[in-house]
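Letters go in sequence order (proteins before strands), and every chain restarts at 1.
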There are 2 protein chains.
Amino acid sequence: MQVVKELDYVPNLVAQRLSTGRTLTIAVIVPFFTTPSVTERLSGVVRTLAKSEYDLVIHNIEEPEQRTDCFRTIPRQERVDGALIISISPTDEEVPLLAEAGVPIVLIDMHHPALGMLHQVAVDDIAGGKLVTDYLIKLGHTKIGIVSDPIDNPFGFTASRDRAFGYRWALEAAGIPYRPEYYENSYGRQEARESARKLLTLPERPTAIFASSDMQAVGVLEAARQLGLRIPQDLSVVGYDDVEIADILGLTTMRQMLYESGQRGVELLLETLENPETEPVYEVLPTELVIRNTTAPPS
Amino acid sequence: MQVVKELDYVPNLVAQRLSTGRTLTIAVIVPFFTTPSVTERLSGVVRTLAKSEYDLVIHNIEEPEQRTDCFRTIPRQERVDGALIISISPTDEEVPLLAEAGVPIVLIDMHHPALGMLHQVAVDDIAGGKLVTDYLIKLGHTKIGIVSDPIDNPFGFTASRDRAFGYRWALEAAGIPYRPEYYENSYGRQEARESARKLLTLPERPTAIFASSDMQAVGVLEAARQLGLRIPQDLSVVGYDDVEIADILGLTTMRQMLYESGQRGVELLLETLENPETEPVYEVLPTELVIRNTTAPPS
DNA sequence: CTGTTAGCGCTTTCAT
DNA sequence: ATGAAAGCGCTAACAG
């Protein structure tokens with residue numbers, strides 16, 4: 001020990017890894033990590049993992065091909081001890097690949113029929129979408145538009161689709177007919193602005209719009225402003241996620257536990273790493289409607 | 001090759017690393033990576049590095065001790081081939097440690113007297129601060145407040161200090177006396193709101209406030225709204241960074257090349273990795289004043 | 001040009 | 001208890 005200090009000796013990590021077979025590294029696969037909601041989840045991952053002995057290598061997915069690449073190569077090569085996948089759904093062919101990769105994998109913000117093979121930390125987006133729509137209906141709205149991510153997307157995002165499903169469910173339960181012209185598909189703020197403009201220039205325009213994310217809600221708000229509509233008197237807007245911008249703008253939104261989803265994902269992964277016999281867990285995190293200043297009864 | 005495919009053989013990365021001495025891994029050290037401006041820089045790093053063969057391991061710093069830990073352990077243990085350090089200044093004792101770690105290191109958003117030892121991709125924050133203040137002065141303001149990060153902070157951030165320096169320089173150049181009561185220290189949005197409240201309830205309140213980041217500017221805007229001040233008639237506000245929120249709120253701000261700083265940092269690192277003889281580079285990225293709706297002549 | 005072997009730096013097992 | 005040696009899976013240098 002004396003000599004260790006004298007020579008300032010530090011064990012070589014790579015040799016340790018080869019010898020023990022543990023890489024002490026975890027991979028996280030995230031789509032578009034600059035998106036505030038994704039960053040927040042990632043933050044839960046990073047901060048929780050920082051307390052452990054594991055390193056975190058990050059793989060950002062912005063092209064569909066990157067996704068496939070990742071799913072194929074990451075869990076192999078014995079380069080990581082485990083992986084977290086955020087918001088991206090593996091295809092049916094990819095699931096067995098992942099499950100048989102030999103390392104524990106946790107799906108965050110994603111539920112997949114491959115239950116019993118992978119840990120999953122999900123959110124009930126159908127219930128979330130229904131809750132939002134129920135609230136708007138309770139306020140007295142019947143002409144409710146929705147701006148959602150494209151249902152068929154190359155990344156396998158499912159959150160928006162589920163929220164839209166909840167929306168239709170709520171409508172049906174209230175006996176309000178579903179109007180296809182009130183349904184718009186688009187990604188992100190800019191596109192949502194265009195979608196909202198279409199919605200708001202309809203002959204019989206909606207009195208409320210449910211946006212599938214807070215950033216999309218911002219786009220809706222901008223379109224409304226451009227058209228001279230007052231919020232919330234002329235138009236109610238609800239977002240989803242409750243990221244900081246929602247608080248800043250006073251946006252009514254559905255809060256989900258973004259940070260906690262990352263945290264919980266890491267906890268599950270670390271547990272499984274310690275005890276490989278751990279049964280795969282399927283957890284659903286709660287959501288909560290946060291009412292601010294962008295919603296009111298229709299005038 | 002036939003057999004390779006038949007057996008579905010994949011080389012073991014860890015063994016490769018031990019054998020070649022290359023880890024094919026790069027570390028990035030970032031403070032508070034959920035901050036939008038930091039995420040944007042990180043995005044430049046991630047996307048540029050994705051094209052290379054290197055993995056990225058991320059170390060988030062939220063406590064001063066983590067910083068010291070990182071600087072000591074990361075470049076040792078032969079666990080990474082290089083490192084990027086974002087916005088955090090090494091102390092004078094830490095610089096030699098880093099430089100002698102044997103791996104190339106690039107400082108992003110940071111200039112350090114240890115020139116000639118490390119690559120640096122910096123921004124001229126003094127000039128930026130001066131430009132903002134000059135603009136306010138040109139509009140006719142003489143009572144100009146400033147909300148800045150604490151100058152002495154445990155992380156070694158220097159950007160805010162430099163911007164404040166530029167502010168004083170501009171004042172001096174215009175012959176406007178510096179008033180200490182117009183200078184407030186605080187981190188982030190919430191604290192900035194309190195700082196702005198102090199400034200705006202002064203007997204002779206400022207007619208313009210220069211915030212050291214866009215998030216701090218949001219806090220200033222909120223304080224102004226709470227006090228019933230109209231923007232920009234009663235108060236001009238300027239931010240710094242030009243993150244998305246600035247665009248959304250129509251905030252006048254100083255744009256810096258966040259994404260590009262990360263990109264350039266990675267490029268420099270990769271070049272040095274290929275050719276270790278590369279001379280350390282000191283680059284300064286440009287800034288640009290983006291005028292929107294939160295600034296006007298004093299009424 | 002193909003085939004063999006030493007060695008990367010550690011852990012772990014086995015013998016002393 | 002302490003010490004020697006085998007082996008993790010690859011690369012690179014070497015000999016055939």
Atom-to-atom span, [atom1] of [X] to [atom2] of [N] - whole angstrom:
X       : N     : atom1 : atom2 : value
B:Arg79 : C:dC8 : CZ    : P     : 22 Å
A:Arg22 : C:dG9 : CZ    : P     : 22 Å
B:Leu18 : D:dG7 : CG    : C1'   : 12 Å
A:Arg17 : D:dC8 : CZ    : C1'   : 15 Å
A:Leu13 : C:dC8 : CG    : P     : 18 Å

Could you please name the option among [options] that lies closest to any side-chain atom of [X]?
X       : options                : result
B:Thr20 : D:dC10, C:dT11, D:dA12 : D:dA12
A:Asn12 : D:dG9, C:dG9, D:dT11   : C:dG9
A:Ala15 : D:dC10, C:dT11, C:dG9  : C:dG9
A:Gln16 : D:dG9, D:dC10, C:dT11  : C:dT11

- Compare every heavy atom of A:Leu269 with every heavy atom of A:Pro104, then report the nearest pair and how far apart it is.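 Residues A:Pro104 and A:Leu269, closest heavy atoms: O-CD1, 3.5 Å.
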- With no hydrogens and no angle check, is any side-chain donor or acceptor of A:Asn60 less than 3.5 Å from a backbone partner on A:Phe32?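 Yes: the side chain of A:Asn60 pairs with the backbone of A:Phe32.
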- Message: I'd like to know if the side chain of B:Ser43 reaches the main chain of B:Thr39, judged simply by a donor and an acceptor atom lying under 3.5 Å from each other, with no hydrogens or angles considered.
- Response: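 Checking the backbone N and O of B:Thr39 against the side chain of B:Ser43, no donor-acceptor pair under 3.5 Å is found.
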- Message: Pairing donors with acceptors under 3.5 angstrom, does anything connect the side chains of B:Asp149 and B:Gln216?
- Response: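 On atom types as modelled, these side chains qualify, holding a pair under 3.5 Å.
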